[in-house]
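Indexing begins at 1, ligand by ligand and atom by atom, following the structure's order. Just so we're clear, the structure is a prediction, and the values are computed from it rather than from any experiment.
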Amino acid sequence: MRAVEEAGALALLVTHGPDVRYLSGFTGSSGAIALLGGRATLFTDGRYAEQARAEAAGLRVVIDKRPPEMQAVEWLASLGGRPCAYDPGRTTVESLERMKKAVPGRLRRGFFVPMDGPVAGLRQIKDDEEVARLRRACAVGCGLFASVLEYVTRSATETQVAAQLEFMARLAGAEAMSFETIVASGERSALPHGRATSARLPERGFVTLDFGVVVDGYCSDMTRTVHLGRATEREWEVYHSVLEAQQVAIAAVRAGVRCADVDEAARSVLRRVGLEKEFAHSTGHGVGLEIHEGPRIAAGQEQMLEAGMVITIEPGAYLAGRPASAVPERGRSRQRCLRSNGDAAGEDGFGVRIEDMLLVTRSGCEVLTDASPKDWIEL
Ligand code: ZN
Ligand code: ZN
């Protein structure tokens with residue numbers, strides 16, 4: 001909490017659910033923590049009285065009907081109106097207004113000090129218990145990929161594949177999915193965030209599966225891309241370029257390396273084969289209680305990796321289809337005619353993404369999702 005003192009604030013107000021859980025163990029949907037002089041108090045409402053006392057053992061727990069952030073601010077103000085740090089990225093305008101009202105007028109000036117995610121910073125480094133939970137989540141994820149492959153068939157729809165995966169996830173002990181399961185097939189694999197739709201898997205083409213489970217509150221996140229039917233040479237090449245980019249980036253991961261350099265490691269491989277523009281997102285992100293946390297593995301990120309961070313490495317390449325009229329050799333009028341005859345003169349788009357989760361160590365990293373193969377899979 002040194003960051004709090006450095007910012008001139010003597011108290012810290014924590015209202016973001018995952019931050020509250022991180023500091024206290026409390027998992028209820030309504031809670032706030034006030035930290036002052038090394039003492040933490042958890043505020044919640046009557047619905048959570050028993051749960052809060054059981055989960056947040058060791059913390060003072062206050063139960064009241066009013067919104068917890070109001071209770072917390074009132075308590076802090078009653079102790080003499082010290083400046084109070086809050087996270088502006090996690091506080092709604094409505095909530096800030098409510099908090100201001102809880103401070104007597106004479107203390108309001110300078111009472112609130114915005115501070116960027118002091119708890120989010122702590123959460124980036126996982127302790128042994130957190131790593132164990134993340135390992136369990138990743139193990140469930142890897143098991144699901146192995147089991148779901150038998151449902152990745154031409155007669156299935158994307159939502160059916162997602163449904164099977166999610167059903168098996170619950171049976172395997174997942175509390176929830178980390179995010180909406182992505183099953184993007186055929187041309188839709190060119191969409192980096194193609195949620196599962198009613199589209200049927202194609203006779204031939206890529207299927208991208210990006211999914212994760214929550215185990216003991218902690219998320220997993222992984223992506224595998226498989227191919228239905230025989231691939232073209234181009235598809236095979238793009239897959240292996242993305243795989244190489246991913247492996248080169250993983251090899252660059254080590255405590256003390258800048259996040260931007262890991263991103264560049266992946267990007268440079270794709271640049272060399274002319275796929276730089278086709279890789280339009282960042283290389284990875286932290287994972288923990290939330291599916292997207294710090295650090296960001298992206299261009300321009302000066303932050304250094306540290307041992308104990310858990311991050312993803314997930315380069316991709318997304319090639320938009322070329323409509324028939326864009327194929328250069330043929331005349332436009334003829335093109336229109338060909339298209340109406342159902343001639344496939346254009347090119348279908350496709351995409352590939354490969355994502356692993358890994359634990360940063362002093363000498364390198366450990367891939368937590370390495371139980372799932374990344375070798376070429378043709379079904
Ligand atoms: Zn993912
Ligand atoms: Zn991810």
N/O/S atom of His285 inside 2.8 Å of the Zn ion (ligand 2), strictly under:
yes
Separation between OG1 of Thr159 and CD of Gln164, rounded to the nearest 0.5 Å
11.0 Å
Going by the angle between their ring planes, with limits at 30° and 60°, are Phe350 and Phe206 parallel, tilted or perpendicular?
tilted
Please find the N/O/S atom of Asp221 nearest to the Zn ion (ligand 2) and write down its name.
OD2
Please confirm if an N, O or S atom belonging to Asp210, backbone or side chain, lies less than 2.8 Å from the Zn ion (ligand 2).
no
Glu290 bridged to Arg123 by N-O distance under 4.0 Å
yes
The Zn ion (ligand 2) -> Glu314, closest N, O or S atom is OE2
With respect to the Zn ion (ligand 2), what is the nearest N, O or S atom of Glu355?
OE2
Side-chain heavy atoms nearer than 4.5 Å, only ILVMFWY residues, links allowed to pass through others: does that put Leu79 and Val62 together?
yes
Using a 4.5 Å cut-off on heavy atoms from C-beta on, say whether the side chain of Val226 contacts that of Trp376.
no
